[in-house]
Amino acid sequence: MSKNNSNQFMCGKYQLDLAHPHVMGIVNVTPDSFSDGGRYASTEKAVAHAVQLVADGAHILDIGGESTRPNATPVGLEEELERVIPVIERLAREVDVPLSIDTYKPQVMSAAVKAGAAIINDIRGLQEPGAVEVAAEGDAGICIMHMQGTPQTMQQNPVYEDVVQEVATFLSERLQACMAAGIKAERIVLDPGFGFGKRTVHNLALLNGLPDILALGRPLLVGLSRKSVLGQIVGSDVDQRLHASLAASVISVMKGGRIVRVHDVKATVDALKVVDAVIHA
Ligand code: 7PM
């Protein structure tokens with residue numbers, strides 16, 4: 001099969017060939033209130049988890065200080081920096097996979113890239129003032145995600161006329177804005193933002209509509225791992241959604257997704273090896 005340029009993802013010193021599916025492991029850095037070890041203990045815990053995810057086969061690590069979690073109490077800038085920067089500094093030395101910073105704050109993006117992050121994962125699609133400029137300064141890869149509303153209110157009453165077309169239009173506009181600021185297309189991946197201001201019908205329409213979003217010309221990142229849409233379908237609690245999440249990852253890649261953002265790395269890596277074999281057969 002010929003090398004398709006739209007499958008190449010440039011992120012920092014890495015170039016990922018997304019003709020093959022890639023697994024992004026989720027690393028949450030949260031303060032451990034039951035430990036008296038304080039900041040150091042939560043750093044150690046996150047680093048140990050991240051190192052295990054790489055051993056499990058993660059191709060990318062997504063590090064987040066929880067500022068982007070729906071319904072979460074907002075995390076202040078200093079607190080977010082204190083959570084994620086020490087973890088990125090450590091992992092930049094200890095693992096050899098691209099590190100992604102999950103944030104919408106330009107100051108966190110900038111500090112994270114300085115600390116060794118190769119990807120900026122922004123649920124707000126670089127809409128925060130100054131975010132596009134910070135992203136344009138370096139050579140980090142960028143994930144642009146769609147969200148309707150804000151994390152606090154987005155699930156109250158999500159309404160779409162045509163969810164696939166509206167998400168595609170938004171992502172297309174943000175892609176243009178990034179490129180106008182000097183960010184090369186090869187540095188950008190797009191994400192429909194499953195669960196971010198979407199009902200089950202919208203999430204399912206988007207999953208079926210991934211080929212229409214892929215038509216924008218950049219690889220797609222998909223995050224469905226353990227999300228409530230899967231709980232709605234299967235009727236399982238968040239810690240019992242592994243099998244539903246695997247089904248979602250397999251379907252996502254069969255529909256054209258190329259990076260899957262997941263909690264359960266080892267199982268997902270195996271499932272996607274089967275998909276990869278089929279895609280390239
Ligand atoms: C509660 C609800 C806690 C949802 C955490 C979440 C995505 C993301 C998240 C995604 C990209 C989660 C989400 N989801 N970044 N960050 N795409 N690019 O399941 O779908 O981790 S937070």
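Counting starts at 1 for both ligands and their atoms, in listed order.
The protein heavy atom nearest to atom 1 (C) of ligand 1 is P70 CD, 3.7 Å. Of the protein's non-hydrogen atoms, the one nearest atom 22 (S) of ligand 1 is R69 NH1, 3.4 Å. Closest to atom 13 (C) of ligand 1, if we only count protein heavy atoms, is K227 CE, 3.9 Å.
Any N or O atom pair closer than 3.5 Å counts here, and D62 shares no such pair with ligand 1. Below 3.5 Å of separation, one finds an N or O of D191 facing an N or O of ligand 1.
H59 and H20 have their aromatic ring centers separated by at least 6.0 angstrom.
Using the six-membered ring where Trp is involved, H146 and Y160 have ring planes that are tilted, between 30° and 60° apart.
Under a hydrophobic-cluster definition in which Ile, Leu, Val, Met, Phe, Trp and Tyr are linked whenever side-chain heavy atoms come within less than 4.5 Å, directly or via other members, V201 and I213 are assigned to different clusters. In the hydrophobic clustering of ILVMFWY residues, with side-chain heavy atoms under 4.5 Å counting as a link, L61 and I259 come out apart.
A salt bridge links D102 with R261; the closest basic N to acidic carboxylate O contact falls under 4.0 Å.
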- request: Any chance you could lay out the salt bridge (Lys or Arg N to Asp or Glu O under 4.0 Å) test for K184 and D139, step after step, and finish with the verdict?
  value: CA-CA 9 Å; K184 288 210 162 67; D139 60 358; over 6 Å; no
message: Checking R90 against E44 for the salt bridge (Lys or Arg N to Asp or Glu O under 4.0 Å) test, could you report, in this order, the C-alpha distance in whole Å, the side-chain angles of both residues, the deciding distance, and whether it holds?
response: CA-CA 9 Å; R90 279 275 303 278; E44 288 304 306; 2.7 Å; yes
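If you look at R261 next to ligand 1, the close heavy atoms, those under 4.0 Å, all belong to the side chain.
A distance of 7.5 Å separates CZ of F9 from SG of C143, quoted to the nearest 0.5 Å.
Annotation for ligand 1: atoms under 4.0 Å from non-hydrogen atoms of C143 are 18 (N). When each atom of ligand 1 is checked for a heavy atom of D102 under 4.0 Å away, the hits are 16 (N). The G223 neighbourhood of ligand 1 comprises atoms 20 (O), with distances under 4.0 Å to a heavy atom of that residue. Applying the 4.0 Å criterion to heavy atoms of M145 picks out, from ligand 1, the atoms 10 (C), 11 (C), 17 (N). Against a heavy-atom cut-off of under 4.0 Å, N121 is close to the following atoms of ligand 1: 11 (C), 15 (N), 18 (N).
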